[in-house]
Amino acid sequence: MTHPSAVSATAPLTTNRTAVSLTDVHKTYPGGAQPVHAMRGVTLAIAAGSFTAVMGPSGSGKSTLLNVAAGLDGPTSGRIVIGDTDVSHLSADALTQFRRRHVGFIFQSYNLLPHLTVAENLRLPWWLDGRMADARRESELLAAVGLSDMAHRLPSELSGGQAQRVAIARALATQPAVIFADEPTGALDSHTGAAILDALREAVTAFHQTLVMVTHDPQVAAAADEVVFLADGAVVDRAAGLTAPQLSQRVLELGR
Amino acid sequence: MTAVAAAGMRQVSVRALRAHWPSAAGVFLTVVLAAALMVASGVLIESGLRESDPFSPTAMMLPAAMGSFAGVALMLAVFVVSQAFAAALRDRRREFALLRAVGATGRQVRSLITTEVMAISAVALLAGGVAGWWGAGALVPLLTSSGIVEPGFAPSPSPWPLLGAAVLLLPAAWIAGRLAAREMARLSPTAAVGTSTADARALSPGRIVAAWICAGAGLLVTLTPVFLPGAVGGAAGAASAFLYLIAVGLAGPALVLRAATWLTRRRSLQGHAATVLASANARGFSRRLTAAVVPLALLVSLGSVQTGVNHTVAQAAAQQLGDALAADLVWQGPSEQAVDAREALAGAPGVEAVATTGQAMVQVRTDSADEDLPFLDGLNWEAGAVTVLEDPAGLVDPGVTAGDMADLAEPDTVAIAADGLTLPGMGVGDRLELRWPDGTETSPRVVAVYERGLGLGGLIMSPATASSSGGATVYVETEPGAADAVAASTSDAGFPMIPAAEYVEAAVAGGSDDSRLSNVLLMVLLAFIGIAAANALVIATRSRTGEFALLGRLGATRRQLRAMLGVEAALVGVGAVVIGTLTALPGLIAASLAMVRGFSLGLDPVFYASLAGATVVIAFLGVAGARLRARA
Ligand SMILES: Nc1ncnc2c1ncn2[C@@H]1O[C@H](COP(=O)(O)OP(=O)(O)OP(=O)(O)O)[C@@H](O)[C@H]1O
Ligand SMILES: [Mg+2]
């Protein structure tokens, strides 16, 4: 039996070539009047070290896919494997422990605990893991997202873009194998957004991490190794090497 | 976990406490007051139990006077403290969900919450202990003037009351924290990103079952006095009101949801932004609203039940005494004159019959001795007054249900009231264990059981068994129409008498000092609930800065916001009055049915109106206070 806590935090997870794989995953929200089928049999393999963009019309299940793939939410049925670990069969606590060591997550907003400073928010993954925060890595990360001089500010004293950069730094903190980002720059102007995404991509490339990102921005998706198109809870297409205008065209077609 | 990492998590706790200091302070204050109430009553009860002379007023009356108060205070304290913690923690749902998303296990969230709850409780308990000790001292002048303690009485210092408060309050706080933590730990981490902070809608089946159980238990307690009239008293009424309120608290979110949905559907209310918003808020935040309404409802409920049932008991006592007495005139005086008075009155023209009663103090054993805690021996003896009835001659009819009062003429016999709670299951032929002021112990045989215990007291003996001390009373029956003449002639002879009706009224109104004490204690309890309720309201409204800002951005004017809060405060206040009244009614009705002829709720309209008024005022102050803080 492989107990998850026995998996060392620094051991390379990506011994095979697939970082994340979903097999026939269904997710149904038990709604009041009628249940919502947010994922209808999604099967997907994401190559280690790749940058995958997820696109699709609003309500197509992008956030649901990300939450389920990252182990934030359980699937109704199906199998999810991150690295070598089948997370669909882990207990709740084991899953949380696995997640905080091997998975990073960036939400669209509300990523930071309001009463902790930037530096403390950054240290949270270490603390929760019962480890000492790595001071050198901490300052490295802050420098990488350009916030070295704001370590002691509270989230309420940051701009939206700065807060998102802290969230990115935190997602990178424990050097997770996979980082999931759900429209991390959705609330920002395109210039700031682009700068932040550059920082994220650079960091990911430097540490050979896998990045899965939901985005509405064709420019961002165009830089991805692969784009996954969702519609109505199912993967309808996968593409590589499309230009930004081609991508916006595809999404528009799906929306119809 | 390494020390450094533990320090990190402690940092998270400390920061959270600092960020949420207003609600933490509110909860802290609530626990301090709860602990103070418990310690104060504990100190006084223990001082009474420790009193070396078991027949001093301190030993006879203090434990009983404070005991019923302590019972209600205890239920209140546990209830209010767990409500306060639940409300304060609910406020931080989103934060805990984010922690979960970042990788905190359910266990880490639970231990974070438990640590915080226990730290606040422990410090508050100590502060409350000091406050309670001080409060017990502050009550001494009132206790002295009520004759409940002797002049010069000082509470005896001891660690027991504080330990007792700790044993009762800390687990209550721990359980409240645990329940809240369970809810938080179960939160899906994605709840943090959900932009909605609204409450979860569905109630867990366990909670619904618990609500029904509490309602059922409330009904049982309500019905007790109907079958067992002696069981009635403030405590039974309060207990039933409590149980109903806990049921309401458990099922509350579902009830609020129904009421608010109904309200939003009223066509007449559409179009008023404030009303629509307020009722929509009630729907979305049904748990939060329940947490605000329930403590306020408790204020109305407890205030009504306590005063109402006490009044009903007094009324029942008057009716029983009136029914028992066939006398027209009554003489009262010191027991040394009783023999002369009886002779003179019996010989007066127009007098048909006379009977003498006196009183003797006694202690009745209610339980077998406990050798482990000798000072608790006081708990096994209940102080009582014996009515010493000489030659009743049909003038005093206790309403015998078993046995024969005539047998009292034999020495070492006693008659007991059927509803005496301290002597359950005693019947004719059984023996009581008694302790007399001179230190002797006797065990008289029960020869009769009677039903007018509220009017005549729990024990009746004849002079053959007990000698009275203190005051004596001579009841006189006159020939029809001769009462005035007899009163005039005996008054001239030096034995002034009053009409029996007047005597009954005076006997029942009894020590007004005593009722002054219970009024003060009731006010203390009500003040405690008031503070706790205001605190719950402030917590419930505090976290809404974001919501107010959003509404402002959407174009709501300040006036509309104020009006919305006004409607909400009105909903809370009126809801609390309605729920409080409804939960108090069963206890009041049962008491009335069980004890008095004719129907009376025993509620003083002025007192009830001021309770209701205070409730609505607290609702408005709480909402306004939260709004001020939110803006600050
Ligand atoms: N907690 C929930 N309960 C019920 N239904 C939900 C819940 N979360 C999402 N849904 C539904 O599931 C479907 C997919 O939602 P999801 O959030 O994944 O969409 P999305 O693709 O991320 O949309 P967007 O681009 O607008 O963020 C939608 O129909 C949504 O209404
Ligand atoms: Mg989404």
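Treat the numbers as computed from the prediction; the structure is a model and nothing was measured. Below, read A as the first sequence line, B as the second, and so on, with proteins coming before strands; counting in each chain starts at 1.
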Gap separating the CZ atom of B:R100 from the OG1 atom of A:T96, nearest 0.5 angstrom
4.5 Å

Can you tell me how far the OG1 atom of B:T105 sits from the CG atom of A:L95, to the nearest 0.5 Å?
11.5 Å

Is any side-chain heavy atom of A:F105 closer than 4.5 Å to a side-chain heavy atom of B:V102?
no

Using a cut-off of under 4.5 Å on heavy-atom pairs, state which of A:R123, A:H115, A:R99, A:R100 scores highest against chain B.
A:H115

pair A:E120-B:V12: side-chain heavy atoms closer than 4.5 Å:
no

Are the side chains of B:R15 and A:T117 in contact, using a 4.5 Å heavy-atom criterion?
yes

